[in-house]
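The structure appears below as structure tokens.
Start at 1 and go down the list; that is how both ligands and their atoms are numbered. In this chain, residues are counted from 1 in sequence order. When reading the values below, keep in mind they use all heavy atoms of this one structure, side chains included, and skip hydrogens, waters and symmetry mates.
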Amino acid sequence: MKVLIVGANGMLGSQIVEELKDEFELIRASRQNSDIKVDITSPQSIKKMFETVGKIDALISAAGSTHFGSIESMTPELNAVSLNNKLAGQINLVLLGLDYINDNGSITLTSGVLMDDPVKDGASAAMANGGIKAFVKAAALDMPRGIRLNNVSPTILEESADQYGELFKGFLPVPGKRVALAYRKSLQGGQTGQTYEIY
Ligand SMILES: NC(=O)c1ccc[n+]([C@@H]2O[C@H](COP(=O)([O-])OP(=O)(O)OC[C@H]3O[C@@H](n4cnc5c(N)ncnc54)[C@H](OP(=O)(O)O)[C@@H]3O)[C@@H](O)[C@H]2O)c1
């Protein structure tokens with residue numbers, strides 16, 4: 001089974017790779033240091049990635065940057081970072097990748113806890129996360145050829161606690177392994193239209 005993982009060398013992506021690498025043929029994609037280069041903010045770059053990779057059984061996205069900052073300091077341009085990267089970037093992976101997913105394959109996107117349990121300065125990130133959740137719930141109804149579409153919404157990973165802990169005061173970090181299992185559930189289970197909340 002051929003699985004394309006976008007954002008494979010990130011903190012979250014590397015946990016997913018670790019979980020799946022012994023059982024699946026993984027193709028790692030990101031902007032640098034991966035099997036395939038892609039920038040999800042560019043539809044052209046996404047098209048080129050799929051043309052290069054060809055048919056796959058599953059797509060997992062663990063990529064997507066967001067802007068953090070107060071509403072008072074936020075400009076349309078700063079908010080557009082979250083819109084173009086985490087939200088539209090991941091949705092464009094679905095729109096441009098659908099033809100490359102084999103029958104009965106799966107697509108799994110990533111959102112995050114901040115849409116349900118917000119923190120100060122997190123409105124732009126929460127917007128992108130909520131958009132992913134809503135898109136997945138609705139678009140799953142339209143998926144052709146038995147293709148399933150799910151979303152994983154992790155809280156902060158134990159492995160990221162040093163980096164983002166200041167932002168997530170009072171949140172209990174979860175092991176990367178537990179989050180990675182949600183991607184496995186999406187990949188190998190039968191559900192569609194789900195958001196797996198790993199909080
Ligand atoms: N870590 C956590 O605790 C946590 C918790 C909840 C949700 N999340 C969400 O999970 C996602 C990944 O987070 P992370 O902590 O793993 O981040 P990370 O360590 O910075 O990794 C991001 C990954 O995505 C790739 N990437 C970034 N921008 C890209 C672009 N424009 N096009 C293609 N690839 C791109 C990066 O590789 P290149 O730099 O080579 O492109 C890298 O592989 C984010 O959406 C984040 O909000 C993370």
Side-chain angles (χ1 to χ4, degrees), residues 3-20 26-50 52-53 59-69 80-94 96-97 108-119 121-133 135-136 150-183 186 195-199:
V3 182
L4 172 63
I5 304 185
V6 180
N9 57 11
M11 187 58 86
L12 174 59
S14 57
Q15 299 293 322
I16 301 167
V17 166
E18 192 55 35
E19 177 64 28
L20 304 177
L26 302 185
I27 305 155
R28 298 158 172 82
S30 68
R31 288 169 304 183
Q32 52 207 354
N33 303 325
S34 283
D35 303 327
I36 302 282
K37 277 194 183 198
V38 67
D39 180 349
I40 63 168
T41 63
S42 158
Q44 264 320 105
S45 173
I46 294 175
K47 278 183 198 161
K48 198 171 158 209
M49 171 183 70
F50 283 116
T52 307
V53 170
L59 164 70
I60 292 174
S61 168
S65 305
T66 51
H67 167 72
F68 279 87
V81 172
S82 312
L83 281 171
N84 295 335
N85 201 314
K86 190 163 187 175
L87 184 55
Q90 292 197 94
I91 289 173
N92 288 342
L93 285 173
V94 178
L96 299 170
T108 311
L109 305 184
T110 297
S111 59
V113 68
L114 296 182
M115 65 179 168
D116 292 321
D117 199 0
V119 297
D121 297 345
S124 189
M127 168 202 67
N129 290 341
I132 292 295
K133 178 179 177 176
F135 175 80
V136 162
N150 292 301
N151 169 41
V152 177
S153 180
T155 190
I156 183 169
L157 271 61
E158 283 179 356
E159 292 79 0
S160 296
D162 283 348
Q163 199 179 346
Y164 301 120
E166 277 303 308
L167 212 73
F168 288 84
K169 290 289 183 201
F171 288 68
L172 182 66
V174 293
K177 164 85 181 173
R178 209 185 129 205
V179 175
L181 283 172
Y183 292 86
S186 177
T195 283
Y196 299 116
E197 295 167 0
I198 314 299
Y199 301 159

> With sequence neighbours excluded, what pairs up with Phe50 under the ring pair (Phe, Tyr, Trp, His ring centres under 6.0 Å) test?
Replying inline: Tyr100
>> Does either side chain, that of Tyr199 or that of Asp116, offer a donor lying less than 3.5 Å from an acceptor on the other one?
In response: yes
> Are Thr195 and Asn151 close enough, and set up right, to give a side chain to side chain donor-acceptor pair (under 3.5 Å), and what steps lead you there?
Replying inline: CA-CA 5 Å; Thr195 283; Asn151 169 41; 3.0 Å; yes
>> Enumerate the side-chain hydrogen bond (donor to acceptor under 3.5 Å, both in side chains) contacts for residues 160-170, please, sequence neighbours excluded, ordered by first and then second residue.
In response: Glu166-Lys169
> What residue pairs, at least two apart or across chains, pass side-chain hydrogen bond (donor to acceptor under 3.5 Å, both in side chains) with a residue in residues 7-17?
Replying inline: Asn9-Ser30
> Are Lys133 and Glu197 within salt-bridge range, i.e. N to O under 4.0 Å?
Replying inline: yes
>> Tell me which residues fall inside the under-4.0 Å heavy-atom shell around ligand 1.
In response: Gly7, Ala8, Asn9, Gly10, Met11, Leu12, Ser30, Arg31, Gln32, Val38, Asp39, Ile40, Ala62, Ala63, Gly64, Asn85, Lys86, Thr110, Ser111, Pro154, Thr155, Ile156, Leu157, Ser160
